[in-house]
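A short write-up of the structure that comes next.
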Amino acid sequence: MPLSWNEIRHREIAFSREWQEESREAAEAKSFWDEFFQVFGLRRRVVASFEEPVKTLKGTYAYIDLFWKGVLLAEHKSRGKSLTLAHSEAVAYVQHLTNERREDELPRYILVSDFARIALHDLETGKTRQFELGDFHRYIHEFAFIPGYKQHVEEDQDPINIKAVQILGDLHDALEAGGYAGHALERFLVRVLFCLFAEDTGIFERHAFTFYLENRTAVDGSDLGIHLARWFEVLNSPKEKRQANLDELLADLPYVNGDLFAERLGFAEFNRDMRNALLACTRFDWSRISPAVLGSLFQAVMEPKERRQIGGHYTSERDILRVIRPLLLDNLRAEFRRARRNKTELKRFHKRLGQLRFLDPACGCGNFLVVTYRELRLLEIEVLKELYANGQRVLDIQHLSVVDVDAMYGIEIHEWPVRIAEAALWLMDHQMNLRLSGAFGQYFVRLPLQKSSRIVQGNALRMDWRELLPPGQCSYVLGNPPFVGAKYQSAEQRADMKLVAGQVRSHGLLDYAAGWYFKAADYICDTRIVVGFVSTNSITQGEQVSVLWGELFRNYGVAIHFAHRTFAWESEARGKAHVHVVIVGLAAFDTSGKTIYDCDAEETVRGTKARNISPYLIEGPNQVIANRQHPLGSVPPIGIGNKPIDDGNYLFTPAEKEAFLAAEPDAEPLFRRWVGSKEFLNGIERWCLWLGDCPPHRLRQLSEARKRVAAVRRFRAASKSAPTRELAEMPTRFHVENMPAVPYLLIPKVSSERRKYIPIGFMPPEVLASDLCFLMPGATLYHFGILSSAMHIAWVRQVCGRLKSDFRYSAYLVYNNFPWPDSPTAKRRAAVESAAAKVLAVRDEYPQSTLADLYDPLAMPAKLVKAHAALDRAVERCYRTQPFATDRLRVEFLFSLYQQLTGPEQSSDCLGL
């Protein structure tokens, strides 16, 4: 009878540990292969021969290092030699064997090694597995053919794929359609997923779950639900309390505990197709899936609408690490480096690792906690290897690890992600225990589960976090609160925000995630807890900054310790969905080691030290920019364009205008060109029937125009807004009228963030602009030049609000607070005007191109790029002689200038929000 997989694992760990030592390099390959076969309980001499002769095509003889008839051929090289060359030689031997051996004597597998690496080639399936000897435990089941276990064919594909989700999803849908739904279904599928992982990662015997399904349940699925219930019940029963005559396949199962299988669920009724679907799930290699994405995979199963984009909800590990590295890992690793040469300090550091506690108050399926736990365990293994270096033997590793899943706390509003998070942490714990086993040559598994994470279901904005984890015991708070903008919150979410931020003026402007900042700030008062949150970048832009950060600075005394400036928070799904986010690390105490992180075009993260980090995530004071009534400099004010509130009755396309004039030709002088942001940027022709200045006697002669006036009056009168109803008494006038008598500069209110500059331009007074534009009457080329420069767009990127990801320009917040150059010389003003005129002249050279065409980053003409670069240099000289290398330096300079212009206190010119 073959050895059990647990025994094989014990032997493999000892084998790998011994042969990783370079002192064995000079040993004969025979010793290596003898001990290799002993791992699987076989004597090599009984099954395989060394230096097996084989006749070549030339008639000479070559010698195969190791040959097992009908099974295996092995070729061995010295440490560091090419395994590719070894494989080529082995393939040649197989070809020679085909000429002189029976077909049943030909090997299915080729195995090559150089003491440090092993590569297994399956000649039947074409599959290859190559790995370092230290990772042997991860691939041990690939060698199931050696002890004689049946090989299960597994789907050779990326396990995180839509097919795996679809199979589980079909099972979910079928059970739900049959009436097995809600809590029971969620629990049931979590258990199934756990079992799929468990049989592929060594918690169960290899393929134990699959074998039981195949051999103990009826093919029509009629008894599958009952058998699964028995399986789950056994997993929750200590071995000493199990019945003596229990099925041997059940009796061999480990006692899992941990509440995962404790609750009794009703039987799920299966049929043949549903049983086949479950068996299909067992053919995936679940060991290749990180527990960090288990929750996201399960989420796609539970939410049928999301299955086509399975990664739409889970966060890549890359981005999670961007949070936890500056939050804790960098500091812990620095502390480890300092302590590693002093055993006493290292033991103290190890003890501290076991005392750390983590809270994710919006944990979802636990991705942040799982990755954090993994990194903490990996660090602990490094610490333990240092503590027990120099050949110091460890008799029992069961008590070496002091980091356990009970260090992880979380809050999640839905039940099933809570269960997934718990299971994912247990599975990650098991994987890390295997790592520890490999490091010390002893098999280590924490079964039955004695400890578990504390993840509770509830509304984090309505719960007292202190009841879950007292602040005095907490080390770090982390996660990514929900990405829900102010305008998209449900009634319940608005009520949540009122509960946590009702005392904050204009809290209705805040994203839903801001609620977690207020809760965290309250939670960490008078502690050394550090918080690391991911949020949409809107909390560091626009009006939200003064509302959120003004409150946090004034009333909670928080300081920003680190920040990652805007980057795309990507899923790992096809058709990647992403939002633009920032990472903010804050605490209720100050620190000198502050860092700002940025990504370059290649996604390389670089950090720079800062004396202080402002809420705009640049180096600067804790100063917020509020709405201002008037511009900071001696420059013309800007105002929005015209707002008709006419239900479209006064606005016309060219075709609509033509049809109207065909019926009423005398109205032609009353039409004026109409532009909004979209029309201005894309060259779209629209017209406005302006009747505000039309004399009454003339209007009475225009029957079609009067129909439009009557329609506007009815529309306004039916409005729920009192001011709009009052406006019904003046139906020919607009709600907002801004019609300069002189040429004006037009600034589109909304512009794509992809553009390097906001396209602006001069318009004649006869053109009417909508309220989606800002107007600056009497503007000069100097004003155009400053507002068309890199200095201005850098300010816009940092300060303005967003519509989706596009810039939403603002008069009170962006323009009125913009620090204009302080008294530039006439020569420098003239240089700006000259460069500005050149930009306009180049634009005129492309009469067939719209501004959207000209400022598309992929289509922008080289001449226009050069003209803007010259304008940028001219503008920057108005600020200082030294050029600015990056937008971040521009913004930091502008904020410094802003502080000088406004003083340490906000001016009385600032508006209340």
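Numbers for residues simply follow the sequence, beginning at 1.
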Considering all heavy atoms of both residues, which atom of Ile539 and which atom of Val545 are nearest to each other, and what is their separation? O-CG2, 3.9 Å
Is it the case that the ring center of Tyr744 lies less than 6.0 angstrom away from the ring center of Phe762? no
Regarding Glu619 and Lys594, does a basic nitrogen lie under 4.0 Å from an acidic carboxylate oxygen? no
Among Lys749, Arg755, Arg754, which residue meets the side-chain hydrogen bond (donor to acceptor under 3.5 Å, both in side chains) test with Ser751? Arg755
To the nearest 0.5 Å, how far apart are CG in Leu871 and CE in Met791? 12.0 Å
Kindly determine whether His580 and Glu753 satisfy side chain to side chain contact (heavy atoms under 4.5 Å, CB included), including the steps that lead there. CA-CA 11 Å; His580 288 88; Glu753 66 160 357; 3.3 Å; yes
Please walk me through it: do Phe774 and Leu746 pass side chain to side chain contact (heavy atoms under 4.5 Å, CB included)? CA-CA 6 Å; Phe774 287 103; Leu746 185 149; over 6 Å; no
Minimum heavy-atom separation for Glu876 and Pro883, please, with both atom names. OE1-CA, 3.7 Å
Quick check for you: to the nearest 0.5 Å, what is the distance between Gln544 atom CD and Ser535 atom OG? 9.5 Å
So which atom in Arg808 and which in Cys800 form the shortest heavy-atom distance, rounded to 0.1 Å? O-CB, 3.8 Å
Is there side-chain contact between His783 and Pro636, with heavy atoms separated by less than 4.5 Å? yes
If you define the side chain from C-beta out and look only at heavy atoms, does anything of Ser546 sit under 4.5 Å from Ile625? no
Check the pair Leu775, Leu745 against side chain to side chain contact (heavy atoms under 4.5 Å, CB included), reporting the backbone distance first and the verdict last. CA-CA 6 Å; Leu775 285 57; Leu745 191 61; over 6 Å; no
Does Met739 reach the side chain of Arg672, with side-chain heavy atoms less than 4.5 Å apart? yes
When rounded to the nearest 0.5 Å, the distance separating CG of Leu897 from CG of Leu632 is 8.5 Å
Assess, by modelled atom type and distance only, whether the side chains of Tyr757 and Asp872 contain a donor and an acceptor separated by less than 3.5 Å. yes
Just by distance, with hydrogens left out, do Thr595 and Lys609 show a side-chain donor and acceptor under 3.5 Å apart? yes
Straight-line distance of Cys688 SG to Lys657 NZ, nearest 0.5 Å: 11.5 Å
So Tyr556 and Phe518, would you call those rings parallel, tilted or perpendicular, with 30° and 60° as cut-offs? tilted
Heavy-atom distance under 4.5 Å between the side chains of Gln489 and Tyr512, does that happen here? yes
Nearest heavy-atom approach of Pro777 to Val742 is CB-CG2, 4.2 Å
Looking only at atom types and distance, does a side-chain atom of His561 sit under 3.5 Å from a main-chain N or O of Leu327, one as donor and one as acceptor? no
Under 3.5 Å, sequence neighbours excluded: what are the donor-acceptor pairs made by side chains of residues 819-843?
| from | atom 1 | to | atom 2 | distance (Å) |
| --- | --- | --- | --- | --- |
| Thr825 | OG1 | Arg828 | N | 3.2 |
| Arg828 | NH1 | Arg877 | O | 3.3 |
| Arg843 | NH1 | Ile760 | O | 3.1 |
| Arg843 | NH1 | Tyr855 | OH | 3.0 |
| Arg843 | NH2 | Ile760 | O | 2.7 |

Closest non-hydrogen contact found for Phe680 with Gly761 is CZ-N, 3.5 Å
Apply the side-chain contact (heavy atoms from CB on, under 4.5 Å) test between Phe567 and each candidate in Ile583, Asn537, Asp598, Val605; give the one that qualifies. Ile583
Main-chain N/O of Leu813 paired to Ser810 side chain as donor or acceptor, under 3.5 Å: yes
Main-chain N/O of Ser770 paired to Trp674 side chain as donor or acceptor, under 3.5 Å: no
With a 4.5 Å cut-off on side-chain heavy atoms, are Val799 and Phe818 touching? no
In terms of the angle between their ring planes, are Tyr815 and Tyr809 parallel, tilted or perpendicular, with boundaries placed at 30° and 60°? tilted
If only atom types and distance count, is the side chain of Arg494 paired as donor or acceptor with the main-chain N or O of Ala486 below 3.5 Å? yes
What I'd like to find out is whether the side chain of Trp549 reaches to under 4.5 Å of the side chain of Ile560, using heavy atoms alone. yes
Between Phe562 and Val323, what is the shortest heavy-atom contact and its length? CZ-O, 4.1 Å
Asp856 side chain to Met860 main-chain N or O, any donor-acceptor pair under 3.5 Å? no
Rounded distance (nearest 0.5 Å) linking atom CG of Leu478 with atom OG1 of Thr372: 5.0 Å
When you compare the side chains of Thr536 and Asp511, does any donor N or O come within less than 3.5 Å of an acceptor on the partner? yes
Check for a donor-acceptor pair, side chain of Arg565 on one end and backbone N or O of Leu617 on the other, with a separation under 3.5 Å. yes
Ring centres under 6.0 angstrom apart (Phe895, Trp795): yes
Keeping the roles fixed (side chain from Glu679, backbone from Gly676), state whether a donor-acceptor pair exists under 3.5 Å. yes
Assess the side chains of His792 and Ser789: does a donor N or O sit below 3.5 Å from an acceptor N or O? no
Side chain His868, main chain Val865, donor-acceptor under 3.5 Å: no
Does a donor on one side chain sit under 3.5 Å from an acceptor on the other, for Asn816 and Gln629? no
Taking the side chain from Arg880 and the backbone from Gln882, do they hold a donor-acceptor pair closer than 3.5 Å? yes
Can you check whether Tyr476 reaches Ile529 side chain to side chain, under 4.5 Å on heavy atoms? no
Please confirm whether Trp690 and Phe734 have ring centers closer than 6.0 angstrom. yes
Gap separating the CG atom of Asn682 from the OG atom of Ser677, nearest 0.5 angstrom: 10.0 Å
Assess the residue pair Gln623 and Phe553 against the criterion (side chain to side chain contact (heavy atoms under 4.5 Å, CB included)); give the C-alpha distance rounded to whole Å, side-chain angles, the decisive distance to 0.1 Å, and a yes or no. CA-CA 9 Å; Gln623 185 175 30; Phe553 290 146; over 6 Å; no
Please determine if Lys863 and Glu845 form a salt bridge, counting it only when a charged side-chain N lies under 4.0 Å from a carboxylate O. yes
Donor-acceptor pair between Asp771 and Asn642 side chains, under 3.5 angstrom: no
Would a line drawn from the ring center of Phe893 to the ring center of Phe884 be shorter than 6.0 Å? yes
Is there a side-chain contact between Ile747 and Cys773 in this structure, where contact means two heavy atoms from C-beta onward sitting under 4.5 Å apart? no
Looking at Glu892 and Arg888, does any basic side-chain N land under 4.0 Å from a carboxylate oxygen? yes
